[in-house]
Amino acid sequence: MQAGPLDSAVLVVESSAMEFTPDQIARVAKDMGVSSEELARFAALGRKRVYATGDYLFHQSAPRRFFGIVLRGKINLQRGLAGRNVTIACLTEGAMIGETLFVDELAHSVSGLALEETEIWAVDKEAIDQFRIEKPDIFYRMVARAARRLSLRLRETTEMLMRSGLERAPVTGFRLEHDSLGEREVSNAHYYGIQTTRAVENFPFSGIRLSHFQHLVNAFAHVKKAAAEANAELGVLDPHIATAIVRACDRILAGERHEDFVVDMVQGGAGTSSNMNANEVIANLALEILGHEKGAYAFCHPNDHVNCSQSTNDVYPTAVKLAVVSATQETVSALGVLRKAFQAKAAEFADVIKMGRTENQDAVPMTLGQEFTAYATMLQDGIRRLGRVAEDLLVVNMGATAIGTGINSPRGYAELCTAKLAPISGHPVTLAHDLVEATQDAADFAMMSSALKVTAIQLSKICNDLRWASSGPRCGLNEINLPPLQPGSSIMPGKVNPVLPEVVNQICYQIIGSDTTVSLAAEASEFELNMAEPIIAHNLLGSLMLLKNAAIVLTTRCINGITANRERCADYVKNSIGIVTALNPVLGYERSAAIAKEALKSGRGVYELVLEKGWLSQARLDDLLRPEKMANPLLADPAP
C-alpha cells in the first residue's frame with residue numbers, strides 16, 4: 001500500500017487489490033446499466049482508497065478527479081463555502097460518487113466528508129478518458145445511466161425544496177418570559193427566549209450571527225450534551241430532563257434550529273449572550289420533547305437545567321476551541337489541495353529554465369519547477385504549523401465554572417464532563433491542569449491567530465509572485481499565463497487582470513489584520529477572565545473560513561490552469577547579465593564584474609564578450625552555462 005493522490009491534506013491509503021463482493025458488483029452494475037463482467041473490467045482501472053473520520057474526499061468547487069463506489073463507511077455531502085454548511089445527502093455502502101464526470105467536467109457542487117472510516121473504489125479521470133476511447137459502447141451506456149440518475153436526483157431535490165417551503169413554522173402568537181430585568185414578549189415561532197432577545201437588541205454590530213459558523217453552534221450542542229450526561233450521572237440533574245436535553249442537542253447536531261442562534265458574534269459580556277442563546281434554544285427544544293409549550297421553564301430551565309454546573313466562562317471558551325479546531329481541519333484540508341496543485345505544476349515545469357530574482361533584480365538561473373516547489377513547501381509549513389497549534393486548543397477548562405474554582409459543580413464533574421466531551425465532539429479534548437489559569441489565559445487563541453497570520457503572509461507572498469510573473473502580456477515579465485477569468489477594465493478593451501491572486505492578497509491582509517485584533521483581545525484579560533473572547537472567536541473563525549475558501553478557489557480557478565511561456569523564460573536567461581555568476585569560480589570576481597559592467601553598458605551578451613576576450617573556450621563556456629547545470633549546480637556532471 002502507498003499514499004496516493006487525494007483531494008485533501010490527509011494521508012489516504014491506497015490498494016490495487018479488488019475488494020468487491022459479487023453482490024456489490026451485481027448491484028452497482030445494475031445501477032450503472034452494464035453487466036457484472038463489464039463493470040469488473042471498468043473497476044479494474046481503479047484503486048481502493050481509505051479515508052479516516054473527518055477527512056475530506058473532495059471540496060466544493062474543486063475539479064472532479066475520480067468516480068467512486070462506496071465500499072464501506074459514510075460520506076456526508078454538504079454545500080456551503082461560508083461558515084455554515086447544508087447537508088445534501090449521506091452516502092453509504094454501494095453509493096456512487098462523481099457520476100457527473102461521465103457527463104461533463106464541471107467542478108464539484110458539494111464537499112464530501114467522511115463521517116467514519118470510509119473505503120471507496122476510485123477510478124481516476126484519466127483512466128475514465130482512456131476507457132471511453134477503448135470501450136465506447138460500454139462507456140456511453142454508463143453515460144446514459146448517469147444522466148438518468150442525475151435527472152432523478154434533480155427531481156428529489158425539487159421535492160425536498162417544496163417540502164421545506166411547506167414546513168416553515170408559522171407565527172402562532174407570543175409568550176411572556178421574564179428575567180432579572182423584567183418581562184418581555186417573545187414570538188412562539190422562536191426557540192430562543194428573553195435573554196437572547198435582549199442581546200439581539202443590544203448588539204446590532206456585524207450582522208454575522210452565531211448561526212453563520214456551523215461549527216460553533218455544533219460545539220455548543222456538544223458541550224451541553226456532555227454536561228447533561230455528566231450531571232445526570234453525578235445525580236445533580238433529573239435523568240428525565242437530562243435525556244430531553246441530550247435529545248435536543250442531537251437535533252441541533254442534525255442541523256435543526258440553527259437559525260435560532262441569532263446573537264451577533266460581536267458582543268459584550270464575555271460570551272454570556274451566546275451561552276444563553278444556546279441554553280434557551282436547547283431548553284425549548286427539550287420542552288417540546290417533553291410535551292410542554294415553549295417557555296414552560298419549570299419543566300426544563302435554561303439556567304437551572306441546561307446550564308447546570310456550568311458558567312459562560314467555561315462553556316464559551318470550550319465551545320470556541322472546539323469550533324476553531326473543527327474549522328482548522330477544513331482549512332488544512334483546503335491548503336493541502338492547494339499544495340498538491342503547486343506540486344503538480346512544479347513537476348510540469350521542472351524543465352523550464354528561468355532567471356531567479358532577488359530584490360527584483362536578475363540573480364541566477366533556476367527552473368520554474370523549483371519556484372513552484374518552494375511554494376508547495378511554504379504551504380506545507382503552514383499546514384504543519386496550524387495542525388500543531390490546533391492540538392493546544394484541545395486542552396479545555398470545562399468544569400472551571402466562574403473563575404476556575406469549580407463553584408456550583410459537584411465533585412468530579414470537571415473530569416467526567418471532559419471525558420464525555422471527547423467522544424461526543426470527536427476531538428481528543430483533555431482537562432487543563434490549572435483551571436484558574438485556563439479560564440483567564442487566551443494565549444492558545446493568540447498562538448492560533450499567529451499561525452494563521454504567518455500562513456497568510458506566505459500565501460500572500462506567493463500571490464505577489466504570481467502577479468509579477470504573469471505581468472504584461474507585452475510590457476511585463478510574462479513568464480507564466482494565468483487563466484483569464486473576466487474582463488479587467490471598463491475603459492481599456494482586452495485587459496485581463498490577475499483577479500484571484502489579487503483577492504487572495506486582500507484576504508491575507510484581512511487575516512494579518514485580524515491577528516492584531518486577537519493579540520490585543522488576548523492581552524485584554526484582567527484578573528480571572530478575558531472579557532474579549534467574542535471578538536477573538538469572530539476573528540479566528542472568520543479568518544479560517546476566508547483562508548479555506550481562498551485556498552480552494554485559488555487552486556481550482558487559477559493554479560490548475562497556469563501555463564509557462566517557455567521561450568520567454570529562456571530568452572531572459574540567455575540575455576541576462578546574471579549568468580556571469582556561474583563564471584565566478586573560473587574567471588574570478590574582478591573579471592566577472594568587469595564583464596557584467598561591459599555587458600550592461602554595451603548591450604552585448606556575457607557569452608559573446610567572454611569568447612571575444614578569449615578567456616574561455618566555447619566548449620568550456622557552453623559547459624559552464626548549461627541551463628540545467630546553472631539551475632542545479634550541485635548535481636554531479638553526467639558520465640562521459
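All values below were derived from every heavy atom in this structure, side-chain atoms included, with hydrogens, water molecules and symmetry-related copies excluded.
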Engineer: If the plane angle is over 60° it's perpendicular, under 30° parallel, otherwise tilted; pick one for F67 and F102.
Structural biologist: perpendicular

Engineer: If we ignore hydrogens and angles and just use 3.5 Å, is the side chain of T331 paired with the main-chain N or O of L544 as donor and acceptor?
Structural biologist: yes

Engineer: Run the salt-bridge test on R251 and E288 with the 4.0 Å N-O cut-off and return the result as yes or no.
Structural biologist: yes

Engineer: Return yes if some donor-acceptor pair links the side-chain N/O of E280 with the main-chain N/O of T196 below 3.5 Å, else return no.
Structural biologist: yes

Engineer: Answer yes or no: does atom CE of M447 have more than 12 heavy-atom neighbours from other residues, nucleotides or ligands under 6.0 Å?
Structural biologist: no

Engineer: Go through the structure and list residues passing ring-ring contact (aromatic ring centres under 6.0 Å, His included) with F261, not counting sequence neighbours.
Structural biologist: none

Engineer: With a 4.0 Å cut-off on N to O distance, would you call D129 and K125 a salt bridge?
Structural biologist: yes

Engineer: Which value, rounded to the nearest 0.5 Å, describes the distance between E93 atom CD and I69 atom CD1?
Structural biologist: 10.5 Å

Engineer: Return the CG to NZ distance between D444 and K321, rounded to the nearest 0.5 Å.
Structural biologist: 4.5 Å

Engineer: I'd like to know if the side chain of K345 pairs up with that of N560 as donor and acceptor (distance under 3.5 Å, no hydrogens or angles considered).
Structural biologist: no

Engineer: I need the R257 CZ to Y192 OH distance, nearest 0.5 Å.
Structural biologist: 10.5 Å

Engineer: Would you confirm whether S111, through its side chain, and Q60, through its main-chain N or O, come within 3.5 Å as a donor-acceptor pair?
Structural biologist: yes

Engineer: According to the interplanar angle, ranging from 0 to 90°, do the rings of F213 and H538 count as parallel (below 30°), tilted (30 to 60°) or perpendicular (above 60°)?
Structural biologist: perpendicular

Engineer: Strictly distance-based, threshold 3.5 Å: is any side-chain N or O of H215 a donor or acceptor partner for the main-chain N or O of L322?
Structural biologist: no

Engineer: For a quick check under 3.5 Å, do H427 and S326 share a side-chain donor-acceptor pair by atom type?
Structural biologist: yes

Engineer: Begin from the C-alpha positions of L39 and R27 and carry the test side chain to side chain contact (heavy atoms under 4.5 Å, CB included) through to its verdict.
Structural biologist: CA-CA 10 Å; L39 176 63; R27 282 189 288 116; over 6 Å; no

Engineer: Within the side chain of D314, is there an N or O that forms a donor-acceptor pair under 3.5 Å with the backbone of G399?
Structural biologist: yes

Engineer: Evaluate whether atom CZ of R557 has more than 12 neighbouring non-hydrogen atoms of other residues, nucleotides or ligands under 6.0 angstrom away.
Structural biologist: no

Engineer: Is the backbone N or O of H433 less than 3.5 Å from a side-chain atom of E437, with the two atoms forming a donor-acceptor pair by type?
Structural biologist: no

Engineer: Nearest 0.5 Å please: distance from the CZ atom of R247 over to the CD1 atom of I282.
Structural biologist: 14.5 Å

Engineer: Can you tell me if T100 uses its side chain to pair, donor with acceptor, with the backbone of G98 under 3.5 Å?
Structural biologist: no

Engineer: Taking atom types as modelled, is there a side-chain donor on N313 or T439 under 3.5 Å from an acceptor on the other?
Structural biologist: no

Engineer: Would you list the atom pairs, donor with acceptor, under 3.5 Å between side chains in residues 385-392 and any protein atom, with sequence neighbours excluded?
Structural biologist:
residue	atom	partner	partner atom	Å
R385	NH1	Q458	OE1	3.4

Engineer: What is the distance from atom CZ of F220 to atom CG of L253, rounded to the nearest 0.5 Å?
Structural biologist: 13.0 Å

Engineer: Drop me the distance from M265's CE to S211's OG, to the nearest 0.5 angstrom.
Structural biologist: 10.0 Å

Engineer: Determine whether the side chains of R384 and Q380 contain a donor N or O and an acceptor N or O closer than 3.5 Å.
Structural biologist: no

Engineer: Is a side-chain donor or acceptor of D264 paired with a backbone partner of V266 at a separation under 3.5 angstrom?
Structural biologist: yes

Engineer: With a 6.0 Å cut-off (strictly less than), is the heavy-atom count around CZ of R72, excluding the residue itself, greater than 12?
Structural biologist: yes

